[in-house]
Amino acid sequence: MARDFTQKDIDIFNKLAPELQGNINSPQGHQYLFLLRPVSHRLARSEEDFKERLLRLTDDELEYLVDLALKAQEDIRGLDDDMYAFFEVIDERVPHRLPALKDFLGIMG
């Protein structure tokens, strides 16, 4: 079941995926479950493209995504290789949040 996106979620999604013009529904007609996974799996052409999309966000928005991940409301492991791009952006912009995120995900180092 999809969580209800807040206006903040929608604003972030629109920054990450402006080509969707505010559409938060999958091609099958269901609201996306997460913010990052559809961008990673459906829209970003590469890990670098995914990272560039993340860099559009403010530090507060990045921290918000980390908070969602720590509440299991954002699927970071499901990003596959783009997970490392997410870690890089977090490390660059809000590095104090990366240890808690990695600890939550059970990732060493």
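For the numbers below, each heavy atom of this structure counts, side chains included, while hydrogens, waters and symmetry mates do not.
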Is there a side-chain contact between [X] and [Y], using heavy atoms and a 4.5 Å cut-off?
{"X": "Met83", "Y": "Ser40", "result": "no"}
{"X": "Val66", "Y": "Leu98", "result": "no"}
{"X": "Phe13", "Y": "Pro38", "result": "yes"}
{"X": "Ile76", "Y": "Phe104", "result": "no"}

Taken to the nearest 0.5 Å, the spacing of Glu52 CD from Leu16 CG works out to 12.5 Å
When rounded to the nearest 0.5 Å, the distance separating CE of Met108 from CG of Asp103 is 9.0 Å
Query raised in the report: Between Glu63 and His96, is a side-chain contact (heavy atoms from CB on, under 4.5 Å) present by the stated rule, with each step listed?
Result: CA-CA 10 Å; Glu63 289 204 50; His96 63 282; 3.6 Å; yes
*asked:* For a side-chain contact (heavy atoms from CB on, under 4.5 Å) check, start with the C-alpha distance between Leu54 and Glu88, then their side-chain angles and the critical distance, and finish with the verdict.
replied: CA-CA 10 Å; Leu54 290 171; Glu88 286 178 29; over 6 Å; no
Identify the heavy atoms of [X] and [Y] that sit nearest to each other, and give their distance.
{"X": "Glu47", "Y": "Asp82", "result": "CA-OD1, 3.3 Å"}
{"X": "Phe34", "Y": "Asp75", "result": "CD2-N, 3.4 Å"}
{"X": "Leu70", "Y": "Ala100", "result": "CD2-O, 3.7 Å"}
{"X": "Phe50", "Y": "Ala85", "result": "CD2-CB, 4.0 Å"}
{"X": "Lys15", "Y": "Glu61", "result": "NZ-OE1, 2.9 Å"}
{"X": "Asp9", "Y": "Leu35", "result": "O-CD2, 3.5 Å"}

Under 3.5 Å donor-acceptor, [X] side chain and [Y] backbone:
{"X": "Arg37", "Y": "Leu79", "result": "no"}
{"X": "His41", "Y": "Leu36", "result": "no"}
{"X": "Asn14", "Y": "Asp11", "result": "no"}

Flag yes if more than 12 heavy atoms outside Tyr84 fall under 6.0 Å of its OH atom; otherwise flag no.
no
message = Please determine whether the number of non-hydrogen atoms from other residues, nucleotides or ligands lying under 6.0 Å from atom CD of Glu48 exceeds 12.
response = yes
query: Under the side-chain contact (heavy atoms from CB on, under 4.5 Å) criterion, do Leu65 and Leu57 qualify, and how do the steps go?
result: CA-CA 10 Å; Leu65 290 174; Leu57 302 178; 3.6 Å; yes
For Arg93, the side chain to side chain donor-acceptor pair (under 3.5 Å) test, sequence neighbours excluded, returns Asp59
Practice item. Test Thr58 against Leu62 for side-chain contact (heavy atoms from CB on, under 4.5 Å), laying out the working first. Key: CA-CA 6 Å; Thr58 67; Leu62 291 168; over 6 Å; no
Q.
Strictly below 4.0 Å, N to O, side chains only: are Glu19 and Arg53 in salt-bridge contact?
A. yes
**Prompt:** So, are Arg97 and Asp67 salt-bridged, with charged N and O less than 4.0 Å apart?
**Reply:** yes
Open item on the list: Does Ser46 form a side-chain hydrogen bond (donor to acceptor under 3.5 Å, both in side chains) with Asp49? I'd like the steps, not just the answer.
Closed with: CA-CA 5 Å; Ser46 65; Asp49 180 31; 5.5 Å; no
With a 6.0 Å cut-off on ring centres, are Tyr32 and Phe5 close enough? no
